[in-house]
Amino acid sequence: MIEFLTDLASFPFLRNALLAGVLASVACGVMGSYVVARRITYIAGAISHSVLGGMGAARYCQVVLGWSWFTSLLGALAAALASALVIGLVSLRSKGREDTVIGAVWAIGMAAGIMFIFRTPGYNEDLMSYLFGNILMVTGRDLWLMAGLDLLIVGLAALFYNKFLAVCFDGEFALLRGVNVEGYYLLLLGLTALTVVLVLSVVGIVMVIALLTLPAATAGYFSRRLLGMMGLSVLFSVLFTTGGLALSYGPNLPTGATIILLAGGVYLCAAFFSQRVKARRRAGG
Amino acid sequence: MSGSTKAGRAVIELDGVTFSYNGAPVLEDITLSVGEHDFLSIVGPNGGGKTTILKLVLGLVKPAKGRVSVFGLPPEKARRRIGYMPQATALDKLFPVSVMDVVLMGRLGAGARFGFYTRADAQAAREALEKVGLAAERKRPFAELSGGEHQRVLIARALVSGPDLLLLDEPTANVDIAAETEFYRFLRDLSETMTIVLVTHDLGFVSQHVKTVACVNRRLLCHPTCDITGSMISEIYGSHVHMVQHDHGPGKGGPHD
């Protein structure tokens, strides 16, 4: 811990990592609360895993086809938004098996990613950082991009707060009040996709849903309104990312995994104590 | 006393409406007219198509045959004038919202606004909550309320837009008999200023309080103005169901006439 604090002053990469965690936490807290409240964790999971397809395709295009502009971040954004659109349209329009489509998008995205990475010459060290993230590699340019995405996500979430809330709570009623329910639901999934991409660099594809849902679910034990849940969830998320970074730095542990274990531990404690409090209340009253 | 309910012009008109879901007929040849300030109850067994009638009136589903008009308009165009209370069981009881949050949703679409609700919206929501006797509970989480309170919150949400037509789906589920009487009085007062259509499978409520009844089990078995008889009830609900004798005296009308 002390090593982390002294090095923080001297190493810019550590400051970048700290800032990346805070920036990711803002979007994570806001959109994660929607994901938890609307119970679409598995949609967020499918979006995040399908991103591997986009990142793999981008890497392939860069190395094999020489499209240097097609960065893996662009690939990730394209894949995340496309998956959100597909899943959103299926869940709105078709009366078919939504969970099957979610599973299919999840697996097909990953398979495509693995295929592209396998066919790309060179070392495959990228694969590990895609899957598990590498917060210590975040550059200053990444931070500006993250800040921009944050601004977009939080701005739209605030602007349409009432509508998102109504669409999530009771879509049929919102429709009757003249709200464009399909449009807002797709926008909500789109913003979730952007958040997924934002969080990727911190914890990687595999653990995105954990950082998206654990802070919000923990906040849910303390706040019973969505707005309060969002605020608390941002705080928890900052605590987890910063704490995870600090804890992992000295003993040289993987940062993403440390963050998630910290978040999971706090969530389980909150769940346990909330059960205890409920049981005591029941026994008392 | 019955028979004079269509004083005003028609608010709802269903003309030969047929609706089927996945090939199975749900409603067949329904013709029904509801006038201004009528207070109509639609009764029938579960799965008999009662809720579907409300959804047709709201324009959420389209009839396969026949015509639906509300305030002389296609249903979708009339939605702003309708307040709708769905069955409370359809909602996620753990959703993180307060009572006030839920009622405010009824104010959506009052204008093309962004961001948060205005002070006028909050005022209207408080008044609606006062009407249903839940003003003191407005800051409580929706999740903590009882089943009956959930329904009252949803009625407040339906009222907050100042509708001319109020549609209620099973509003007396989870409500005890004493509260039912009070609730009926509340609706009767409301019907001075708006048209009310209520859907219920609760014959106890209907036989005690309600005068105009339409019985629906796929077909319209009885028009709003006729009496409910024993034979009709067995026709709707099947012969193994019998009327429960009430202490409030026999006959239609109930104690509030």
Side-chain angles (χ1 to χ4, degrees), chain A residues 29-30 32-40 95-96 154-181 183-184 187 213 216-233 271 274 277-278 281-282 285, chain B residues 21-22 51 54-55 57-61 75-88 90-118 121 139-145 153-154 157-158 160-161 163 167 169:
Chain A
V30 172
S33 298
Y34 280 120
V35 167
V36 168
R38 183 66 175 78
R39 302 179 189 237
I40 50 172
K95 293 184 179 79
V154 175
L156 287 175
L159 203 59
F160 300 125
Y161 177 79
N162 293 335
K163 272 135 185 165
F164 282 145
L165 184 69
V167 167
C168 288
F169 178 70
D170 187 353
E172 187 181 78
F173 187 85
L175 179 73
L176 293 173
R177 298 263 36 101
V179 176
N180 178 358
V181 172
Y184 282 107
L187 182 60
T213 55
T218 309
Y221 285 113
F222 300 97
S223 173
R224 308 299 288 278
R225 286 188 71 206
L226 191 66
L227 201 61
M229 202 168 142
M230 285 174 177
L232 266 181
S233 173
S274 130
V277 168
K278 257 187 213 159
R281 241 184 240 165
R282 228 171 276 148
Chain B
Y21 184 76
N22 285 344
T51 298
L54 294 189
K55 297 209 163 172
V57 171
L58 290 163
L60 290 171
V61 296
E76 309 89 74
K77 298 250 167 74
R79 279 175 185 164
R80 296 233 163 168
R81 299 180 64 183
I82 306 176
Y84 172 53
M85 188 210 99
Q87 288 186 39
L91 297 173
D92 180 358
K93 298 297 176 340
L94 291 178
F95 200 91
V97 278
S98 70
V99 168
M100 195 67 173
D101 288 333
V102 174
V103 177
L104 278 168
M105 288 173 197
R107 296 290 291 183
L108 283 171
R113 289 189 319 257
F114 297 111
F116 294 89
Y117 292 105
T118 63
D121 292 330
K139 288 186 177 162
R140 282 181 66 196
F142 187 68
E144 278 179 9
L145 302 187
V153 172
L154 296 185
R157 183 180 71 164
V160 76
S161 56
L167 304 179
D169 198 349

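None of these values were measured; they are calculated from a predicted model. Letters go in sequence order (proteins before strands), and every chain restarts at 1.
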Trainee: With a 4.5 Å cut-off on heavy-atom pairs, point out which of Gly178(A), Gly228(A), Ala37(A) contacts chain B the most.
Mentor: Ala37(A)
Trainee: Start with the C-alpha gap between Leu104(B) and Leu165(A), add the side-chain angles, then the distance that decides, and say whether side-chain contact (heavy atoms from CB on, under 4.5 Å) holds.
Mentor: CA-CA 11 Å; Leu104(B) 278 168; Leu165(A) 184 69; over 6 Å; no
Trainee: Please list, chain by chain and in numerical order, all residues satisfying salt bridge (charged side-chain N to carboxylate O under 4.0 Å, His left out) with Asp169(B), sequence neighbours excluded.
Mentor: none
Trainee: So do Phe169(A) and Asp92(B) actually touch side chain to side chain, heavy atoms under 4.5 Å?
Mentor: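 Side chain of Asp92(B) against side chain of Phe169(A), heavy atoms only: no contact under 4.5 Å found.
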Trainee: Please identify, among Ser223(A), Cys168(A), Ala174(A), Ser33(A), the residue contributing the most non-hydrogen atom pairs under 4.5 Å to chain B.
Mentor: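 Heavy-atom pair counts peak at Cys168(A).
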Trainee: Nearest 0.5 Å please: distance from the CZ atom of Arg225(A) over to the CG atom of Asp101(B).
Mentor: 4.0 Å
Trainee: If you measure from CG on Leu176(A) to CE on Met105(B), what distance do you get to the nearest 0.5 Å?
Mentor: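 Output value for this atom pair is 13.5 Å.
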Trainee: Taking every heavy-atom pair that is under 4.5 Å apart, which of Phe142(B), Phe95(B), Tyr84(B) has the most such pairs with chain A?
Mentor: Phe95(B)
Trainee: Side chain, backbone, both or neither: which part of Lys55(B) has a heavy atom under 4.5 Å from chain A?
Mentor: side chain
Trainee: What's the spacing between Phe173(A) CZ and Leu91(B) CG if we round to 0.5 Å?
Mentor: 10.5 Å
Trainee: Do the non-hydrogen side-chain atoms of Arg107(B) and Asn162(A) ever get within less than 4.5 Å of each other?
Mentor: no
Trainee: Give, as side chain, backbone, both or neither, the part of Ile82(B) having an atom under 4.5 angstrom from any heavy atom of chain A.
Mentor: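 The answer is the backbone of Ile82(B).
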Trainee: Could you check whether atom NZ of Lys139(B) has more than 12 heavy atoms from other residues, nucleotides or ligands sitting under 6.0 Å from it?
Mentor: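 No.
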Trainee: Non-hydrogen atoms of chain A under 4.5 Å away: do they reach the side chain of Leu58(B), the backbone, both or neither?
Mentor: both
Trainee: If the condition is salt bridge (charged side-chain N to carboxylate O under 4.0 Å, His left out), which residues does Arg224(A) pass it with, not counting sequence neighbours?
Mentor: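 Glu144(B).
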Trainee: Kindly indicate, with the supporting measurements, whether the criterion salt bridge (Lys or Arg N to Asp or Glu O under 4.0 Å) is fulfilled by Asp170(A) and Arg157(B).
Mentor: CA-CA 12 Å; Asp170(A) 187 353; Arg157(B) 183 180 71 164; 2.9 Å; yes
Trainee: So do the side chains of Pro96(B) and Met229(A) get within less than 4.5 Å of each other, counting heavy atoms only?
Mentor: yes
